[in-house]
Amino acid sequence: MTRSLLDDAFAHNVWATLQLIDTCLGLSQEQLETAVPGTYGSVLDTMRHIVGSDSWYLFRITGDRSFVIDRRRMDLSELRTAMEDNGAVWSRILGGDIDPDAMLVETNDDGPDALDATGIVLGQALHHGTDHRSQVCTALTKLGIEPPDIDVWSFGIQNGRCIEGPPAS
């Protein structure tokens with residue numbers, strides 16, 4: 001079976017979030033409540049937002065409400081489990097016959113409904129995670145904690161998808 005062109009991108013998205021959760025597991029409650037101006041909110045609230053939104057994008061694409069999580073009450077361990085589960089689902093979805101042009105309906109109780117192309121929802125899922133992980137890394141830096149190296153190159157090296165060595169002759 002041929003891998004999807006997006007497999008690495010979504011595997012990185014999941015991996016980077018898990019790396020960040022693992023770093024945050026060592027924080028005190030006070031540190032988890034740290035917020036930096038210009039970011040989403042506290043470290044914990046932002047991690048809940050990252051994982052909750054990732055789950056919501058799965059719901060948008062599949063229509064399966066079981067992917068929607070109650071992120072407001074979840075601790076980091078529960079968020080980690082949810083994100084691990086999401087990784088398997090993303091892989092399964094991307095391995096299927098996904099139509100990037102299919103229009104997905106979003107019904108909003110508090111505003112207008114929306115139609116979004118599946119390809120746009122996929123792009124937003126990746127962008128959203130990257131944006132908010134960066135905010136958590138900023139908060140960690142403010143706390144004097146070295147954030148994990150979560151860039152795509154590091155993911156590729158760790159997973160054998162990038163190989164460092166002498167140039168080919």
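From a predicted model like this one, the values you see are computed outputs, not experimental measurements. When reading the values below, keep in mind they use all heavy atoms of this one structure, side chains included, and skip hydrogens, waters and symmetry mates.
- Considering CG of L44 and CG of L27, their distance stands at 10.0 Å, rounded to 0.5 Å.
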Chi angles and distances behind the side-chain hydrogen bond (donor to acceptor under 3.5 Å, both in side chains) call for S154, D151: CA-CA 5 Å; S154 297; D151 69 10; 2.8 Å; yes

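- Atoms CH2 and CZ, from W153 and R161 in turn, are 12.0 Å apart once rounded to the nearest 0.5 Å.
- Between N159 and H12, the closest side-chain pair of non-hydrogen atoms is not below 4.5 Å.
- Counting heavy-atom neighbours within 6.0 Å of I120 CD1, excluding the residue itself, gives a total of 12 or less.
- Using a 3.5 Å distance cut-off with no hydrogens or angles, the side chains of D54 and W90 do pair a donor with an acceptor.
- Here the side chains of E106 and D113 are not in contact, with every heavy-atom distance at 4.5 Å or above.
- In this structure, CD1 in I150 is found 5.0 Å from CG in L20, a value given to the nearest 0.5 Å.
- Shortest non-hydrogen contact noted between H49 and H128 is NE2-NE2, 2.8 Å.
- In terms of heavy atoms, V14 sits closest to G87 at CG2-CA, 3.6 Å.
- There is a path of hydrophobic side-chain contacts, each under 4.5 Å, that joins L126 to L58.
- Smallest separation of non-hydrogen atoms from R133 and I50: N-CD1, 3.7 Å.
- When hydrophobic clusters are built by joining Ile, Leu, Val, Met, Phe, Trp and Tyr residues whose side-chain heavy atoms come closer than 4.5 Å, directly or via intermediates, W56 is not grouped with M103.
- Here NZ of K142 is found 12.0 Å from CD of Q31. Values are rounded to the nearest 0.5 Å.
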Residues M47, T17; criterion side-chain contact (heavy atoms from CB on, under 4.5 Å); working and verdict: CA-CA 8 Å; M47 292 308 305; T17 300; 4.2 Å; yes

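- Taking 4.5 Å as the limit, every side-chain heavy atom of L104 sits out of range of all side-chain heavy atoms of L115.
- Cluster membership for L25 and I145, using ILVMFWY side-chain heavy atoms within less than 4.5 angstrom, is shared.
- Between R60 and D116, at least one side-chain nitrogen of the basic residue sits less than 4.0 Å from a carboxylate oxygen of the acidic one, meeting the salt-bridge criterion.
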Candidate pair S55 and N86, rule side-chain hydrogen bond (donor to acceptor under 3.5 Å, both in side chains), full reasoning: CA-CA 7 Å; S55 300; N86 288 0; 3.1 Å; yes

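- Nearest approach of N13 to G129, heavy atoms of both residues: OD1-CA, 3.9 Å.
- E78 contributes atom CD, which lies 9.0 Å from atom CZ of R48 (distance to the nearest 0.5 angstrom).
- Pairing each heavy atom of A139 with each of V36, the nearest pair is CA-CG2, 3.5 Å.
- To the nearest 0.5 Å, the span separating CD1 on I21 from CD on E84 amounts to 8.5 Å.
- At a threshold of 4.0 Å, the pair R72-D70 counts as salt-bridged, since one of the basic side-chain nitrogens sits closer than that to a carboxylate oxygen.
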Test log, rule side-chain contact (heavy atoms from CB on, under 4.5 Å), inputs F67 and V89: CA-CA 10 Å; F67 293 120; V89 177; 3.5 Å; yes

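- Using a 4.5 Å heavy-atom threshold, the side chains of T118 and D101 count as separate.
- Atom CG of L5 has 12 or fewer heavy atoms from other residues, nucleotides or ligands within 6.0 Å.
- Just one of V43, D75, D45 meets the side-chain contact (heavy atoms from CB on, under 4.5 Å) condition when paired with L32; it is V43.
- Side-chain atoms of M83 and W15, non-hydrogen and from C-beta on, never get closer than 4.5 Å to each other.
- Using the six-membered ring where Trp is involved, H132 and Y40 have ring planes that are perpendicular, over 60° apart on the 30 and 60° scheme.
- A donor-acceptor distance shorter than 3.5 angstrom exists from the side chain of T23 to the backbone of Q19, with no hydrogens or angles considered.
- In this structure, the side chains of C24 and V136 come closer than 4.5 Å at one or more pairs of heavy atoms.
- Looking only at side-chain heavy atoms (C-beta outward), L94 and F10 come within less than 4.5 Å of each other.
- The shortest distance between side-chain heavy atoms of D22 and P148 does not fall below 4.5 Å.
- In the hydrophobic clustering of this structure, F155 does not group with L122; members are Ile, Leu, Val, Met, Phe, Trp, Tyr whose side-chain heavy atoms approach within less than 4.5 Å, directly or through other members.
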Derivation and outcome, side-chain contact (heavy atoms from CB on, under 4.5 Å), residues S53 and R71: CA-CA 9 Å; S53 295; R71 62 185 177 202; 3.4 Å; yes

